[in-house]
Amino acid sequence: MSLLALRLGHHHGHLGLSAAPRDISRRRRRGVVVVASGAVRAPPPAVVWFKHDLRVDDHPGLAAAMAAEPRRPVVPLYVFDRRILAGYSDTMLELLLFALEDLKMVLKSQESDLLIGLGNAEDVVLKIVQAGLIFTEEEVEYRVRNVLASVESSLSNASFAWGNPPEIVVWNASLYDYKNPRELSTSYNQFLKEKLPMNTPLAASCLPALNVEIETGILPTLEELKGFLKVSRTSEDYLVSLKSTSARSILKKALSQIKVKTGVASSDSDGGEDITSYYGTSGRKIQNSMFASESSTEVRGGTEVTLDALAAYLKYLEGTGKASWQELHDKVRLTETRDGASFCTLFGPALQLGVISRRKVYHETIQYERDRNAGFISPFGYSTPTVTAAVDAICSMEWYRLLALKSQVCIEGNYPTRIWRWKGHLIQYTSIGDSGPSVLLVHGFGASLQHFRDNIDGIADQGCRVWAITLLGFGKSEKPNINYSELLWSELLRDFTVDVVREPVHLVGNSIGGYICAITAALWPSIARSLVLLNTAGSVVPSYSFIPLSEEGHTSWLSRLQARLLLLFLRSRAGGILKEYYPTRTERVDKPLVDEIIRASYDPGAATVIESIFSFNLSIPLNFLFDSFGGEILVVQGMKDPLTKSKSFVSMLREHCSKVHIRELDAGHAPHDEVPDEVNSLLCEWIKETDA
């Protein structure tokens, strides 16, 4: 049930809409009723529907709503819709409430207010009985786009006393001034060569007084919001509780149990330092802090607090006497696990919630750089590492948003592309099939979901729902400046299964993707119906007595140099290297396959992902992972794999993993793409047998 109730008064004036800003597009509905000549109906209010744009500063939607008609009321609205909030952690929910509280306060200071709705957005919006225009930000996430489509459908099917259904006006706050996303290049190099002009942030909007009779609703507490989300879950959401435990904590517990069995002394220091050890474990709130608690590393609050935090971040090297700035500088030192990584940790949630726009951050950062250098911007780089980190992060975020947007308006590849947001980052995936057991395909290092180009349909045609994902850091998924690891990717697969698939899956992975699938199945067994490994990474360790956990520490200049040299080598030899991996059918290494791998290697953040190779920890034994999973396992091994001594590997499996089913193929490292028909037949037969 919605908490929103509106009783909007009548206002007289013109129905027309004045010229809108460039970043506004109008989504008109078929069958709109034209008002007949004669008495002019009073213009119904313009509703600004906030989702991930919780600010009045640099807000094209608010600006356009106010420009639509001087006398038209502007009604700000936020809806707690479970479909939009799905996947939000407790931390993100708390940050959301901080941001909404600030937005509501700012609007009240302008004699306006923020209407609060709780429930499905289409139900809430229909209660706005006289909305003539609905302004909402353009979205790229599949689930949120579906919510918007549901709102459009509900409005078009409803009847309105005044005739015309509300018109939805979509806006964006793009950093770059482009005319048509369909015409954007997917090559980052080519995109930079086009030198698109940068958009300037808009001034903060000052809304007219909300002179209507209206019940605005109140913000829920964090516990009330969590309760609402929990109650509204369906029966398929029983897996959600699995997200509460990290991969590292589960492995640390398993390590302790192994030590007890083998008589090895346990140590609390195994597995790295917990972030609370730096600040203590109280988690108490700090008065006038930019953070929710002592242990928090995410800037919280509204636009004003975030801008102050950004100023403190940019001036990190200058020192400060302000206590709040000193606290932020402490957080920078804590979260700078690699050059520039602190920016995304500190400001990522604020940017995801739209407390501040990407182009506002870019503008403030460049202005600071100009002020430091008498108005001069050096072509050889920025003057401080914090400026570099902020600019690189914003340009990277904007690039992946544009890639995601283009994938939603253009048909790319053989399958419909969908976008899922994980921890603030945009992840590409596809889904084929409407019924049957779910199968999740996970690619190897350097590849993407397109590597399953001849498997997705083949498996779906046999009565399966097939999901294929492009892991964070690969293909057209985002490549943020973070530390990549097998445990990070295993948590991604867990969350994707819980939040998107919403039922256990047959996990199918190739190479490092197979190893990640094995970790996921071992740590959260209820997620996997079965486990299928295609020339997996990892090894069998007889009589293991120890599980080494890598430290999540700072990266070195040497690993960064090695990554860049390796990236240059891979770009120059991509085709030749791939042909070595396809020894029986080199013709399968075609231009589209090679071109996409090379294209992705030029994306911002690609070198960071390559750098992770030098810190990979593949030493968790496969036989430990198999034992922990306890379910059905199929290993498909291309025996001509140049990366693996396949005969020795298969022999070790047979000797130490007796419950594992093994199929040997005359193929190389990627049997699913080299001999797709053979692998598809094996997989479909396996799925039928294990589901019988």
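Throughout, residue positions are numbered sequentially from 1 according to the sequence presented. Nothing here was measured: the structure is a model prediction, and the numbers come from that model. Values below: all heavy atoms of this structure, side chains included; hydrogens, waters and symmetry mates excluded.
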L665 CG to E678 CD distance, which is reported to the nearest 0.5 Å: 4.5 Å
Heavy-atom check, side chain of C464 versus side chain of I687, under 4.5 Å: yes
I'd like to know if the side chain of S651 and the backbone of K647 have a donor-acceptor N/O pair within less than 3.5 Å. no
Quick check: closest heavy atoms across T584 and D666, and the distance to 0.1 Å? CG2-O, 3.5 Å
By side chain to side chain donor-acceptor pair (under 3.5 Å), which residues pair with D673, not counting sequence neighbours? R453, Y582, R588
Does the R599 side chain pair with the main chain of T186, one donor and one acceptor, at a distance under 3.5 Å? yes
Would a 4.5 Å heavy-atom cut-off, applied to side chains only, mark H672 and L683 as touching? no
Is the closest side-chain heavy-atom distance between L682 and V532 below 4.5 Å? no
Does the side chain of E689 reach to within under 4.5 Å of the side chain of E632, using non-hydrogen atoms? no
Here the gap from L148 atom CG to E138 atom CD, rounded to the nearest 0.5 Å, amounts to 10.0 Å
Is there a donor-acceptor pair closer than 3.5 Å between any side-chain N or O of T430 and the backbone N or O of P416? yes
When you measure from the side chain of Q408 to the backbone of T417, do you find a donor-acceptor pair of N or O atoms at a distance under 3.5 Å? yes
Is it true that K688 and E685 make a salt bridge, defined as a side-chain N closer than 4.0 Å to a carboxylate O? no
Within the 4.5 Å heavy-atom criterion, are L471 and S477 side-chain neighbours or not? no
H661 and W686: aromatic ring centres closer than 6.0 Å? yes
Give, for atom CD1 of I427 and atom CH2 of W422, the distance between the pair rounded to the nearest 0.5 Å. 7.0 Å
Intermediate values then yes/no, side chain to side chain contact (heavy atoms under 4.5 Å, CB included), I459 and L441: CA-CA 11 Å; I459 300 171; L441 305 177; 4.3 Å; yes
Going through the checks in order, is the side chain to side chain contact (heavy atoms under 4.5 Å, CB included) test met by L251 and F624? CA-CA 11 Å; L251 281 174; F624 163 76; 3.9 Å; yes
Measuring from I598:CD1 to L570:CG, what's the distance to the nearest 0.5 Å? 10.0 Å
Whether S612 side chain and V609 backbone form a donor-acceptor pair below 3.5 Å: yes
Salt bridge R573-E580, side-chain N to carboxylate O under 4.0 Å: yes
For E503 and S438, does a side-chain donor sit closer than 3.5 Å to a side-chain acceptor? yes
Are the side chain of T497 and the backbone N or O of L493 linked by a donor-acceptor pair below 3.5 Å? yes
What do you reckon, are the aromatic ring centroids of F452 and H443 less than 6.0 Å apart? no
Between R654 and E664, is there a salt bridge with N-O shorter than 4.0 Å? yes
Straight-line distance of I482 CD1 to T337 OG1, nearest 0.5 Å: 9.0 Å
So L229 and K226, side chain to side chain contact (heavy atoms under 4.5 Å, CB included) or not? Walk me through it. CA-CA 5 Å; L229 296 176; K226 288 162 62 177; 5.7 Å; no
Can you check whether S407 reaches K476 side chain to side chain, under 4.5 Å on heavy atoms? no
Using 0.5 Å steps for rounding, measure from the NE2 atom of H451 to the CG atom of L449. 11.5 Å
Kindly indicate whether the side chain of L353, heavy atoms from C-beta on, has any atom under 4.5 Å from the side chain of Y88. yes
Heavy-atom nearest pair, E674 first then P583, reads OE2-N, 3.3 Å
Between D499 and K243, is the closest basic N to carboxylate O distance under 4.0 Å? yes
Could you point out which residue of R83, R145, K51 forms a salt bridge (charged side-chain N to carboxylate O under 4.0 Å, His left out) with E139? K51
Side-chain donor or acceptor of R663 paired with backbone N/O of V636 under 3.5 Å: no
May I ask you to decide if the ring planes of W420 and F496 are parallel, tilted or perpendicular, using 30° and 60° as cut-offs? perpendicular
With no hydrogens and no angle check, is any side-chain donor or acceptor of S153 less than 3.5 Å from a backbone partner on A149? no
Under 3.5 Å side-chain donor-acceptor pair for S246 and S249: yes
As a quick check of understanding, evaluate side chain to side chain contact (heavy atoms under 4.5 Å, CB included) for L533 and F626, giving each step before the final call. CA-CA 11 Å; L533 307 182; F626 295 165; 3.7 Å; yes
Does the pair K591/D595 count as a salt bridge with the N-to-O cut at 4.0 Å? yes
State, to 0.1 Å, how close F629 and S530 come at their nearest heavy-atom pair, and which atoms those are. CZ-CA, 4.1 Å
Could you report the tightest heavy-atom contact between L534 and P671, atom names first, then the distance? CB-CG, 4.4 Å
Shortest non-hydrogen contact between Y429 and I469, atoms and distance: CB-CA, 4.1 Å
Using every non-hydrogen atom in the two residues, find where P604 and K479 come nearest and quote the distance to one decimal. O-CB, 3.5 Å
Between the main-chain N or O of A670 and the side-chain N or O of N510, is there a donor-acceptor pair closer than 3.5 Å? no
Between the main-chain N or O of L488 and the side-chain N or O of N483, is there a donor-acceptor pair closer than 3.5 Å? no
Is a side-chain donor-acceptor pair under 3.5 Å present for Q428 with T470? yes
Centre-to-centre under 6.0 Å for W489 and F474, is that the case here? yes
Heavy-atom distance under 4.5 Å between the side chains of I84 and H52, does that happen here? yes
